Every structure is written in C-alpha cells, then in structure tokens.
Amino acid sequence: MTETNYFEKVYYVTCQIPPGRVSTYGAIADYLALGSARMVGWALNNCNINSFTIPAHRVVNRIGELTGRNNFSTPTLMEELLQNEGVEVVDSRVVHFEELFWHPGDHIQPIEIDIKE
DNA sequence: GTGATGACGCAGT
DNA sequence: GACTGCGCCATCA
C-alpha cells in the first residue's frame, strides 16, 4: 500500500458508521488506540479527497459540532449530508447528538460502502 | 534533521 | 462553571 494503514483504519471505522448516526474523533481514536483525536481529523483531512466513499461528515467532535465542515467542498455540505440522512443539524451542531452517537466497535460490520446520490 | 501544523481531548487554573 | 494551555502522533516544508 502506498499509504499507511493508518488511513485505512480510520477509513474502515468511518465507513462503519450507519446512515443517520454520528461518531466522534475521540471515539475513533480510542477504538483504533491512536492516542489522539487529532490523528483522526488529520487522517480524514488526507482522505477527504475520497469524501464520496468516506462518510467523513458523520464524524464530529465530542460535543457534536461539525468542526470539519470547513474542510468540505462547501461549509454547508457536511450539514446537508447529515440532514439528508435524517440527522438534525442546527447551527453546525448535531441535535440529540448523544442519542445519535455511534460508538466504533459497538456494532462493527464488514466494509460495505453504499453511496447514496 | 528540525520545526510547524492538523477536522481534538483532557487537565489544570 | 468557563477558559487556556499542553499533549497525542504523523506528515509536510
């Protein structure tokens, strides 16, 4: 692999997040034993070129804030994608974040990318 | 080879 | 209770 498996780990876990659910950088970092949530954001930033295959919009910080929206094509794209999946987003924040929170490994599933148009 | 940076999180004040 | 600063680890310049 030309790129470190590190990216693939983040890529893998991120793809496990079911539509309509969200996870956090810290949760992914903890699950992958990365030791730092910044690593997750950094990895996603490097993989954002594949944003069509990586639901990076489902990854938010620990308070449910869309801190990475500015990294998308448009600052509103992340919010629109979440709302399209049924996630209510207000003021760049996920509403009922605690209820929609999905913990990596809780219901881990094989990689199954299903992109919705 | 060194310093700075990065979509965060926690501890300390 | 709220704010600030530091640390995690890897890549780029």
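The figures here come from the full heavy-atom set of this structure, side chains too, leaving out hydrogens, waters and symmetry mates. For clarity, every value in this text was computed on a predicted model and none was experimentally measured.
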Would you mind reading off the distance between A:Lys9 atom NZ and C:dC9 atom C1', rounded to a whole angstrom?
-> 12 Å
A:Asn71 CG to B:dC8 C1': how many Å, rounded?
-> 14 Å
Any donor-acceptor pair under 3.5 Å from A:Gln16 side chain to A:Tyr12 backbone | yes
Whole-Å distance between C:dA10 P and A:Leu32 CG?
-> 13 Å
For the side chain of A:Gln83 and the backbone of A:Val89, is there at least one donor-acceptor N/O pair under 3.5 Å apart?
-> yes
Report the distance from atom CG of A:Leu44 to atom P of B:dG6, rounded to the nearest whole Å.
-> 16 Å
Does A:Arg58 reach the main-chain N or O of A:Ile17 with its side chain, forming a donor-acceptor pair under 3.5 Å?
-> yes
Which atoms of nucleotides 9-13 of chain B (N or O only) lie under 3.5 Å from a protein N or O atom, and what are those distances?
from, atom 1, to, atom 2, distance (Å)
B:dG9, OP1, A:Gly26, N, 3.3
B:dG9, OP1, A:Arg62, N, 3.2
B:dG9, OP2, A:Arg62, N, 3.0

Given A:Asn71, A:Val94, A:Asp91, A:Thr76, the one that forms side chain to side chain contact (heavy atoms under 4.5 Å, CB included) with A:Leu66 = A:Val94
Test side chain to side chain donor-acceptor pair (under 3.5 Å) applied to A:Arg69 - qualifying residues, sequence neighbours left out | A:Ser92
Rounded to the nearest angstrom, tell me the gap between atom CD1 in A:Ile28 and atom P in B:dA7.
-> 15 Å
Taking CG from A:Leu81 and P from B:dA7, how many angstroms apart are they, rounded to a whole number?
-> 19 Å
Take the protein atom CZ of A:Arg38 and the nucleotide atom P of C:dT11, then report the distance between them rounded to whole Å.
-> 15 Å
Residue list, side chain to side chain contact (heavy atoms under 4.5 Å, CB included) with A:Asp30, at least two apart or on another chain = none
